[in-house]
Amino acid sequence: ELGMYIRTLPFHAHLSHSETFVNYARRIFNSLQEDATHTQDPINAYVTENQLNHLFVFENYPIDFTLLSSKGIKIGAFNERTGAAWTTLVYPKENGFELAILHDTRIYSSLYVDHILNHFKNWLSELQWDIPLEQTKGLFIPTARLQGPKVHRTETNILEILKRDSKHPLIQGIEIEISYAQLWDEAKSLSSTIQILPGEAVGIDVKSTYHFVLSIVAVWLAQGVPCPVDRRYPDSRKEFIYTNAGIRKILVSEELTLHIQDRLNEPIVHAREASFILHTSGSTGEPKGVLQTHECLINLICWNTQAYPLDAKEVILQLSSFGFDASFHEVLLAMSLGASLIEVPFEARLDIQQIREYIRGFNATLAWIPARLLNAILEVDPNFLSDCDSIKHIVTTGEALVIGKELKHYIATKGITLLNFYGPTETHVITAQAITINEAITQPTIGKSLPNTDILLVNNHQIVPKGLPGELWAAG
């Protein structure tokens, strides 16, 4: 066996969009001819010292395979090992060349590699050697900026779009029924006892949907900023959140009562456009506080009430954790429609049998159910929701949607619409797709941008070329 020697030619080349590819290649060639200082250096010296982690290897050897065969020499498959996380190999062929990529599978997925290879193929097939690179189609066509329609909103506070004076039930449960008028009367009374500075955050640590809705409305009426936590959080996490948000007062529920708990803290006053504060899971370190705005909520809820056939007859199952932004979406959508919320007891929210009974018992028409949970339920019992005929819409959010065969069958047989909402905590929902049986592929897209929202694919603070992956940035 013979090993092939790799000659090391390290150099730095700045790509200028205004020059032609011919001039670019000539400049690189001249640079290599002028600096032969490092040609004898072992390439591993650069890789192991982290000076290089992406390599381009050109197999430019002129081999006459016929001559070698006549001498009894057989060329087998080349087994390249460069030690780099990513190596692009260029092999000469009789009528062109061949590209191959060696990559560390712990860092780069096969899908990402396919994107890169397709990009190379498209660019090279369209490359014109004697025009500026910026005019070369395949290399510099940026990914499209996804822009939602521009819609002017006049409201400045989320309270302006919520229904109030109605005897229609806002919250229903086994042992509770609260009308809109009753909720607003109680919220006004509670707000008068919350003595805070305008823009000050107020903690909310409650168990029931009723107390959650009452608390956030009361805090808004007091010109404060709700900062809810999940009742199941450990005390240390709650304390971190309260300290981080400058919380001096906490609305705490004990069974049927709601009281104000005082704590020593330096208050933080936020601008009047602040609507609520949530904290991320902290999976990569400490939880991160996110301040949401009234403008964002108004944009979301106004779009949601108009984008789908929803009205005051809707009965919405309230299942989301109060530490998760979907809980605000559930509540505010219902209150803007004049619809009803179904209160599922805190202890029953992880019991799928009880969830089904609440759907059936109150004829729920819309529910937020994470895709992973929905798929898992239907895998165990494909007929789990077969007698829940009232459900017309299921919202999935918080994770990538994968439609399993049982879920696809359920969509087809029941004629429901799966609403796939996407958005990080910082922005809430920014894209959406309504999925019926015609769109029920295994991994559907995240849909289109919401009104007044722009989506960009970015890498190193630049919009990536078409066909390549990047980070999802939102603006608006």
Side-chain angles (χ1 to χ4, degrees), residues 155-231 238 242 245-263 265 267-270 272-278 292 294 297-298 301 312 316 318 322-323 327-346:
E155 303 88 354
T156 59
N157 189 294
I158 190 66
L159 295 178
E160 297 177 46
I161 67 171
L162 305 184
K163 299 290 190 296
R164 304 185 184 217
D165 300 323
S166 170
K167 295 182 180 180
H168 186 72
L170 168 58
I171 300 171
Q172 299 181 77
I174 298 294
E175 299 178 351
I176 189 173
E177 182 170 302
I178 304 292
S179 71
Y180 276 80
Q182 183 180 351
L183 187 285
W184 281 98
D185 286 343
E186 293 184 14
K188 290 175 184 176
S189 177
L190 178 59
S191 69
S192 65
T193 66
I194 306 174
Q195 299 181 4
I196 56 173
L197 300 171
E200 183 178 345
V202 177
I204 298 175
D205 185 1
V206 298
K207 292 178 65 176
S208 70
T209 301
Y210 163 55
H211 282 146
F212 178 65
V213 178
L214 176 61
S215 296
I216 62 175
V217 173
V219 172
W220 281 332
L221 288 172
Q223 301 182 57
V225 182
C227 179
V229 298
D230 189 309
R231 173 55 68 93
K238 293 180 183 178
Y242 295 149
I247 301 294
R248 292 190 303 161
K249 295 182 181 293
I250 309 168
L251 295 174
V252 181
S253 68
E254 298 294 342
E255 300 302 328
L256 300 178
T257 63
L258 189 67
H259 67 274
I260 300 175
Q261 185 180 98
D262 295 310
R263 66 189 302 275
N265 205 4
I268 298 174
V269 177
H270 304 282
R272 66 179 182 177
E273 60 264 25
S275 61
F276 64 78
I277 297 173
L278 288 178
Q292 193 52 268
H294 282 282
L297 288 183
I298 292 167
I301 300 303
I316 300 175
Q318 202 284 299
F322 303 141
S327 61
F328 280 89
H329 198 161
E330 291 168 327
V331 169
L332 297 178
L333 178 60
M335 295 186 73
S336 64
L337 290 168
S340 298
L341 285 166
I342 302 305
E343 176 169 292
V344 180
F346 189 74

Atom pair [atom1] ([X]) and [atom2] ([Y]), whose distance is rounded to the nearest 0.5 Å:
X: F322; Y: T209; atom1: CZ; atom2: OG1; value: 4.5 Å
X: L162; Y: L333; atom1: CG; atom2: CG; value: 10.5 Å
X: L197; Y: H270; atom1: CG; atom2: NE2; value: 11.0 Å
X: H211; Y: L256; atom1: NE2; atom2: CG; value: 7.0 Å
X: R231; Y: K207; atom1: CZ; atom2: NZ; value: 6.5 Å
X: F212; Y: S253; atom1: CZ; atom2: OG; value: 12.0 Å

Problem set entry | Atom CD of E155 with >12 non-hydrogen neighbours under 6.0 angstrom | yes
[X] and [Y]: which non-hydrogen atoms are nearest, and at how many Å?
X: R248; Y: I196; value: NH2-CA, 4.3 Å
X: A201; Y: I277; value: CB-CD1, 3.9 Å
X: Q318; Y: S327; value: NE2-CB, 4.1 Å
X: S215; Y: L258; value: OG-CD2, 3.7 Å
X: I298; Y: T156; value: CD1-C, 3.8 Å
X: G224; Y: P226; value: O-CD, 3.9 Å

Exercise. So among I301, I316, L297, which one has a side-chain contact (heavy atoms from CB on, under 4.5 Å) with H329?
Worked result: I301
Seminar exercise, completed: When E186, M335, E330 are each screened for side-chain contact (heavy atoms from CB on, under 4.5 Å) with V213, the one that passes is M335
For this session: Please work out whether the ring planes of F276 and F328 are parallel, tilted or perpendicular, with thresholds of 30° and 60°.
Result: parallel
Checking the side chain of [X] only, and the main-chain atoms of [Y] only, is there a donor and an acceptor separated by less than 3.5 Å?
X: K167; Y: Q182; answer: no
X: S191; Y: K188; answer: yes
X: W184; Y: K163; answer: yes
X: H294; Y: I158; answer: yes
X: S340; Y: P169; answer: yes

Heavy-atom side-chain proximity of [X] to [Y] below 4.5 angstrom:
X: L183; Y: L214; value: yes
X: L278; Y: P228; value: yes
X: R164; Y: L159; value: yes

Not counting sequence neighbours, which residues clear side chain to side chain contact (heavy atoms under 4.5 Å, CB included) with [X]? List them please.
X: R263; answer: E239, Y242, T243, I247, I250, N265
X: D262; answer: K249, I260
X: I176; answer: I178, Y210, E343

Problem set entry | Derivation of the side-chain contact (heavy atoms from CB on, under 4.5 Å) call for I194 and L221 | CA-CA 10 Å; I194 306 174; L221 288 172; over 6 Å; no
